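Let me begin by presenting the structure, written as structure tokens, before commenting on it.
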Amino acid sequence: MDRARRGLLLGLAAAAALPAHAQADARPIRIVVPFAAGGGNDVFARQMAKGLGELRRQGVIVDNKPGAGGNLGTEQVVRSAPDGSTLLLGYTGTVSINPALYKGLKFDARKDLLPVAMFASSALVLVVPAASKIRSVAELVAEAKARPGLLDYASSGSGTGGHLTGELFAERTGTRINHIPYKGTNPGLTDLAGGQVQMMFSVVPPALALVKGGRLRAIAVTGAKRLPSLPDVPTVAESGLRELAGFESTLTYGILAPRGTPGAFVKEFSAQMLQVAGSAEFQSRLGVEGAVPLLGGPAEYAALIAKESALWAGIVKASGATVE
């Protein structure tokens with residue numbers, strides 16, 4: 001039984017043990033999204049809030065607090081009262097990457113927040129210009145080794161998942177590729193389609209539109225499995241290269257609470273989250289955003305955060321990436 005299936009069954013079992021009618025609470029629960037409205041984090045939070053509000057018969061609202069690469073909203077939750085009224089929509093970047101990337105942070109999301117439950121993961125897609133002669137990961141690695149330091153890859157900014165995935169890819173393959181940071185995903189994809197850069201590890205939805213439009217070619221996805229939205233595109237690990245065996249780079253999404261939040265609330269809310277995340281409606285929304293279900297309670301989410309933090313801290317250090 002895979003991890004997602006096991007997490008779902010545990011979550012549903014726990015939810016079944018809850019009172020048949022949750023006590024309505026007049027005070028709304030606020031889920032802080034540390035990014036602007038409209039992105040994947042925001043979409044997931046709103047879908048989760050909708051399901052939880054219906055299940056709990058309680059107001060669950062989404063509050064966007066963008067800024068400082070997600071640190072502004074994250075810190076706000078860290079400083080909030082640990083009473084269950086304020087939660088964070090967390091993801092790998094804010095929880096596992098930023099503590100190693102940003103200098104002078106006055107908090108550590110890994111220590112100051114309590115994992116409640118995780119519900120999804122999202123792989124990136126490796127794309128090249130449609131006019132490129134490169135049609136596979138093996139060909140890309142061969143080209144990078146033949147022309148060390150001459151291939152450029154775009155990202156949506158320094159320290160982002162796309163940037164560090166490129167660093168991980170270079171480290172594993174022993175190649176030198178140049179990072180070109182952009183102010184967002186779309187500008188990077190635009191220059192990639194125009195041939196100004198040679199490759200990009202991109203979030204799926206905007207890249208998929210350009211792939212279907214014939215401007216980009218998808219040569220791999222970075223997850224452990226192929227994506228339903230790109231069934232004919234192999235994973236990086238399927239490249240056949242020994243150095244890329246087991247390669248995986250994904251972003252995990254979940255809900256966290258301020259450290260000290262009562263265990264009874266965490267247990268109840270976690271079970272209810274997993275119930276919502278297991279629904280066909282929620283999982284359909286994940287697919288639209290290029291994500292797949294990854295269900296787990298507090299212990300499973302904490303273990304994954306620790307694993308991701310160790311991986312990305314090492315990549316941040318090796319790359320020399322830093323943000324003041």
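These numbers were taken from a predicted model, which means no experiment stands behind them.
A distance-only check finds no donor-acceptor pair linking the side chain of Ser202 to the backbone of Val204 [under 3.5 Å]. Under the 3.5 Å distance criterion, the side-chain polar atoms of Thr222 are left unmatched by any main-chain donor or acceptor of Ala123. Proximity of a side-chain donor or acceptor of Glu289 to a complementary backbone N or O of Pro205 within less than 3.5 Å is not detected. The backbone N or O of Glu281 lies less than 3.5 Å from no partner atom in the side chain of Ser284, so there is not a single donor-acceptor pair. In this structure, the side chain of Arg217 does not engage the main chain of Arg135 through any donor-acceptor pair within 3.5 Å.
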Problem - Residues Val127, Leu210; criterion side chain to side chain contact (heavy atoms under 4.5 Å, CB included); working and verdict - result: CA-CA 10 Å; Val127 283; Leu210 292 172; over 6 Å; no

Practice task
Would you please test Ile177 and Met199 for side chain to side chain contact (heavy atoms under 4.5 Å, CB included) and show each step?
Solution key: CA-CA 10 Å; Ile177 52 179; Met199 55 187 284; 4.1 Å; yes

Exercise for the section: Just do the side chain to side chain contact (heavy atoms under 4.5 Å, CB included) check on Leu164 and Phe201 with the steps written out, would you? Expected result: CA-CA 9 Å; Leu164 296 180; Phe201 291 93; over 6 Å; no

Practice task
List the steps and the verdict of side chain to side chain contact (heavy atoms under 4.5 Å, CB included) for Phe269 and Leu87.
Solution key: CA-CA 11 Å; Phe269 202 82; Leu87 304 170; 3.4 Å; yes

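Atom CG of residue Asp191 and atom CD of residue Gln198 lie 11.0 Å apart, to the nearest 0.5 angstrom. Atom CG of residue Leu113 and atom CD of residue Glu75 lie 10.5 Å apart, to the nearest 0.5 angstrom. Distance check, rounded to the nearest 0.5 Å: CD of Glu167 to NE2 of His179 gives 7.5 Å. Here the OG1 atom belonging to Thr165 is positioned 11.0 Å from the CE atom belonging to Met200, to the nearest 0.5 angstrom. Distance CD/Gln47 to CG/Leu52: 10.5 Å, rounded to 0.5 Å. Between the CG atom of Asp83 and the CD1 atom of Ile29 there is a distance of 9.5 Å, given to the nearest 0.5 Å.
One hydrophobic cluster, built from ILVMFWY side chains closer than 4.5 Å, holds both Val116 and Leu295.
Proximity of Leu168 to Trp312: side-chain heavy atoms (C-beta onward) are separated by under 4.5 Å at one or more points. Counting only heavy atoms from C-beta outward, the side chains of Phe169 and Val141 approach each other to under 4.5 Å. Ser122 places none of its side-chain heavy atoms less than 4.5 Å from the side chain of Val203. The side-chain heavy atoms of Leu140 and Tyr153, taken from C-beta on, include no pair separated by under 4.5 Å. Looking only at side-chain heavy atoms (C-beta outward), Pro181 and His163 stay at 4.5 Å or farther from each other. Residues Val211 and Val233 form no side-chain contact, since every pair of their non-hydrogen atoms from C-beta on lies 4.5 Å or further apart. Side chains of Ile315 and Ile97 form no contact here, defined as non-hydrogen atoms less than 4.5 Å apart.
Closest of all the heavy-atom pairs between Ser270 and Gly297 is OG-CA, 3.7 Å. Considering every non-hydrogen atom in both Asn71 and Phe107, the closest pair reads O-CZ, 3.7 Å. Closest approach of Leu114 to Pro258, counting heavy atoms only: CB-O, 4.3 Å. Nearest heavy atoms, Asn186 versus Pro206: OD1-CB, 3.6 Å. Among all heavy-atom pairs drawn from Lys106 and Arg79, the shortest one is O-NH2, 2.9 Å. In this structure, Pro148 and Lys145 approach most closely via the heavy-atom pair CD-O, 3.4 Å.
A 6.0 Å sphere centred on CZ of Arg259 holds more than 12 heavy atoms belonging to other residues, nucleotides or ligands. For Lys317, the NZ atom sits in a loose shell: 12 or fewer heavy atoms of surrounding residues, nucleotides or ligands are nearer than 6.0 Å.
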Please set out all donor-acceptor pairs under 3.5 angstrom arising from side-chain atoms of residues 30-41, sequence neighbours excluded.
| residue | atom | partner | partner atom | Å |
| --- | --- | --- | --- | --- |
| Arg30 | NH1 | Asp63 | OD2 | 2.7 |
| Arg30 | NH1 | Gln76 | OE1 | 2.9 |

Between side-chain atoms of residues 237-247 and protein atoms elsewhere (two or more places apart, or another chain), which donor-acceptor pairs fall under 3.5 Å?
| residue | atom | partner | partner atom | Å |
| --- | --- | --- | --- | --- |
| Glu238 | OE1 | Arg226 | NE | 3.0 |
| Glu238 | OE1 | Thr235 | N | 2.8 |
| Glu238 | OE1 | Thr235 | OG1 | 3.4 |
| Ser239 | OG | Val236 | O | 3.0 |
| Ser239 | OG | Leu241 | N | 3.2 |

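The side chain to side chain contact (heavy atoms under 4.5 Å, CB included) with Thr74 is formed by just one residue from the set Val95, Asn98, Leu88; it is Leu88.
Aromatic ring centres of Phe282 and Phe119: separated by under 6.0 Å.
For the residue pair Thr250 and Ser121, no side-chain donor N or O sits within less than 3.5 Å of a side-chain acceptor on the partner.
Using a 4.0 Å cut-off between charged nitrogen and carboxylate oxygen, Glu54 and Lys50 count as a salt-bridge pair. Taking a cutoff of 4.0 Å between a charged side-chain nitrogen and a carboxylate oxygen, Glu139 and Lys133 do not qualify as a salt bridge.
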